[in-house]
Q: 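Quick one: this structure, given as structure tokens, is what I'll be asking you about.
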Amino acid sequence: MLIREATAADWPAIWPFFHTIVAAGETYTYPRDLDEATGREMWLLTPPGRTVVAVDDSGAVLGTAKMNPNHMGGASHIASASFMVDPQHAGRGVGRALGKHVLAWARAEGYRAMQFNAVVETNTGAVALWESLGFQIMTTLPEGFLHPTKGYVGLHIMYQQL
């Protein structure tokens, strides 16, 4: 698997799984009816943000990540990131590889920490992955997320010092 900068030419491969994940409404705080143009604008970042794709030997996009300062001004030394793995390629280590890549990027860019603002507590695979990569749950906002089948569930804020 190769992780490289995403380009506009990658969007047609990202959009189908991005749309499926967002429309399911189980893991992202994005509107479930997010249109393609808005999704593209939100995901394909410009500096100081960055978007990457994980591709296999044939060049097929397996997953993607975007990384950026968590806030501006006096809090711009804290990074954040978001990840999506094509469900057809789940369980192959794509999320872990993207997570390691993003953490290495944040360290190289001089960020002091990384914070995830909204990890849905029922997304247990993601929570376990982030914990295995050194993130801690700092707090959980009770009923911070309306899951389409489980009702109101907690929303974790996760953090790692770099």
Side-chain angles (χ1 to χ4, degrees), residues 1-56 58-72 75-76 78-106 109 111 114-130 133 135 141 143-158:
M1 167 182 350
L2 169 71
I3 297 175
R4 62 166 174 76
E5 294 288 328
T7 69
D10 293 313
W11 183 249
I14 296 169
W15 172 247
F17 67 86
F18 179 99
H19 176 67
T20 298
I21 292 166
V22 170
E26 297 176 350
T27 56
Y28 273 86
T29 60
Y30 298 159
R32 293 176 72 186
D33 61 351
L34 188 69
D35 64 83
E36 184 174 0
T38 305
R40 183 180 189 277
E41 184 179 330
M42 292 170 63
W43 199 261
L44 296 181
L45 301 181
T46 58
R50 179 174 180 240
T51 303
V52 296
V53 289
V55 298
D56 67 12
S58 72
V61 174
L62 309 173
T64 180
K66 68 173 187 164
M67 57 217 85
N68 48 273
N70 192 42
H71 292 288
M72 299 181 290
S76 63
I78 308 297
S80 191
S82 297
F83 305 82
M84 288 198 189
V85 174
D86 184 336
Q88 295 179 44
H89 301 290
R92 294 177 49 188
V94 177
R96 178 172 298 281
L98 287 166
K100 288 180 176 181
H101 180 88
V102 165
L103 286 166
W105 168 84
E109 291 295 310
Y111 287 96
M114 183 167 283
Q115 177 179 322
F116 297 154
N117 301 313
V119 181
V120 179
E121 72 180 354
T122 56
N123 189 359
T124 56
V127 173
L129 172 60
W130 304 139
L133 290 176
F135 284 84
L141 177 62
E143 298 187 349
F145 185 80
L146 179 56
H147 190 280
T149 61
K150 298 176 181 180
Y152 289 102
V153 299
L155 201 55
H156 296 318
I157 296 172
M158 299 186 78

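Positions are given from 1, in the same order as the sequence printed here.
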Q: Could you tell me whether the side chain of T38 and the main chain of L34 form a donor-acceptor pair under 3.5 Å?
A: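 Between the backbone of L34 and the side chain of T38 there is no qualifying donor-acceptor contact (under 3.5 Å).
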Q: At what distance, to the nearest 0.5 angstrom, does CG of N68 lie from OG1 of T51?
A: 8.5 Å
Q: Can you check side-chain contact (heavy atoms from CB on, under 4.5 Å) on E5 and R50, steps first, answer last?
A: CA-CA 8 Å; E5 294 288 328; R50 179 174 180 240; 2.3 Å; yes
Q: Check the pair M114 / N70 against side-chain contact (heavy atoms from CB on, under 4.5 Å), numbers first and verdict last.
A: CA-CA 8 Å; M114 183 167 283; N70 192 42; over 6 Å; no
Q: For F18 and Y28: C-alpha separation, side-chain torsions, deciding distance, then whether side-chain contact (heavy atoms from CB on, under 4.5 Å) applies.
A: CA-CA 10 Å; F18 179 99; Y28 273 86; over 6 Å; no
Q: Does the pair R40/D10 count as a salt bridge with the N-to-O cut at 4.0 Å?
A: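 D10 and R40: not salt-bridged.
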Q: Got H147 and Y152 here, is their nearest side-chain heavy-atom distance under 4.5 Å?
A: no
Q: Minimum heavy-atom separation for A13 and P16, please, with both atom names.
A: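 Looking at all heavy atoms of both residues, the shortest contact is O-CD, 3.6 Å.
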Q: Which pair of non-hydrogen atoms, one from S58 and one from D56, has the smallest distance, and what is that distance?
A: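 The answer is OG-OD1, 2.7 Å.
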Q: Kindly indicate whether the side chain of V52, heavy atoms from C-beta on, has any atom under 4.5 Å from the side chain of M67.
A: yes
Q: Taking the six-membered ring for Trp and the full ring for Phe, Tyr or His, determine whether the centres of F116 and F135 are under 6.0 Å apart.
A: yes
Q: Specify the closest pair of heavy atoms between R32 and P148, including all atoms of both residues, with the distance to one decimal.
A: NH1-CB, 3.5 Å
Q: Measure the CG-CZ distance between N123 and F145 for me, rounded to the nearest 0.5 Å.
A: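 The CZ atom of F145 is 9.0 Å from CG of N123, to the nearest 0.5 Å.
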Q: Minimum heavy-atom separation for A54 to V94, with atom names?
A: CB-CG1, 4.0 Å
Q: Go through it in stages, so that I can follow the logic: the residues are D86 and V61, the test is side-chain contact (heavy atoms from CB on, under 4.5 Å), and I'd like the CA-CA distance, side-chain angles, deciding distance and then a yes or no.
A: CA-CA 8 Å; D86 184 336; V61 174; over 6 Å; no
Q: Mind listing the closest non-hydrogen atom pair of A65 and L98 along with its distance?
A: CB-CD2, 4.1 Å
Q: Is any side-chain heavy atom of H71 closer than 4.5 Å to a side-chain heavy atom of S80?
A: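 A side-chain contact is absent here, since even the closest heavy-atom pair is not under 4.5 Å.
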Q: Tell me whether E41 at atom CD has more than 12 heavy atoms from other residues, nucleotides or ligands lying less than 6.0 Å away.
A: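 No, not enclosed.
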Q: Quick one: are F17 and T64 in side-chain contact, heavy atoms under 4.5 Å?
A: yes
Q: As an exercise, state the distance from CE of M42 to NZ of K66, rounded to the nearest 0.5 Å.
A: 5.5 Å
Q: Within this structure, what is the CE-CD distance for the pair M158 and Q115, rounded to the nearest 0.5 Å?
A: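 Result: 11.5 Å between the selected atoms.
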Q: If you draw a 6.0 Å radius around CD in Q88, do more than 12 non-hydrogen atoms from other residues or ligands fall strictly inside?
A: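 At most 12 heavy atoms, drawn from other residues, nucleotides or ligands, come within 6.0 Å of this atom.
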Q: Measuring only between side-chain heavy atoms, which start at C-beta, is E121 closer than 4.5 Å to V127?
A: no
Q: Fit a plane to each ring of W43 and Y30, take the angle between them on a 0 to 90° scale, and name the class: parallel (under 30°), tilted (30 to 60°) or perpendicular (over 60°).
A: perpendicular
Q: From I3 CD1 over to K100 NZ, what is the distance, rounded to the nearest 0.5 angstrom?
A: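 Between atom CD1 of I3 and atom NZ of K100 there are 10.0 Å.
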Q: Using modelled atom types and a 3.5 Å cut-off, is there a donor and acceptor pairing between side-chain atoms of K150 and backbone atoms of E26?
A: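 No; zero donor-acceptor contacts below 3.5 Å.
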Q: At what distance, to the nearest 0.5 angstrom, does OH of Y111 lie from CH2 of W105?
A: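 That separation rounds to 4.0 Å.
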Q: Check whether any side-chain heavy atom of L62 sits under 4.5 Å from a side-chain heavy atom of R92, and report yes or no.
A: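 Contact flag for L62/R92 side chains = yes.
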Q: Is any side-chain heavy atom of I14 closer than 4.5 Å to a side-chain heavy atom of V53?
A: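 Yes. Closest side-chain heavy atoms under 4.5 Å.
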Q: Where is the tightest heavy-atom contact between A118 and T29, given as atom of each residue plus distance?
A: CB-CG2, 4.0 Å
Q: Do the side chains of V22 and M84 get nearer than 4.5 Å, heavy atoms only?
A: yes
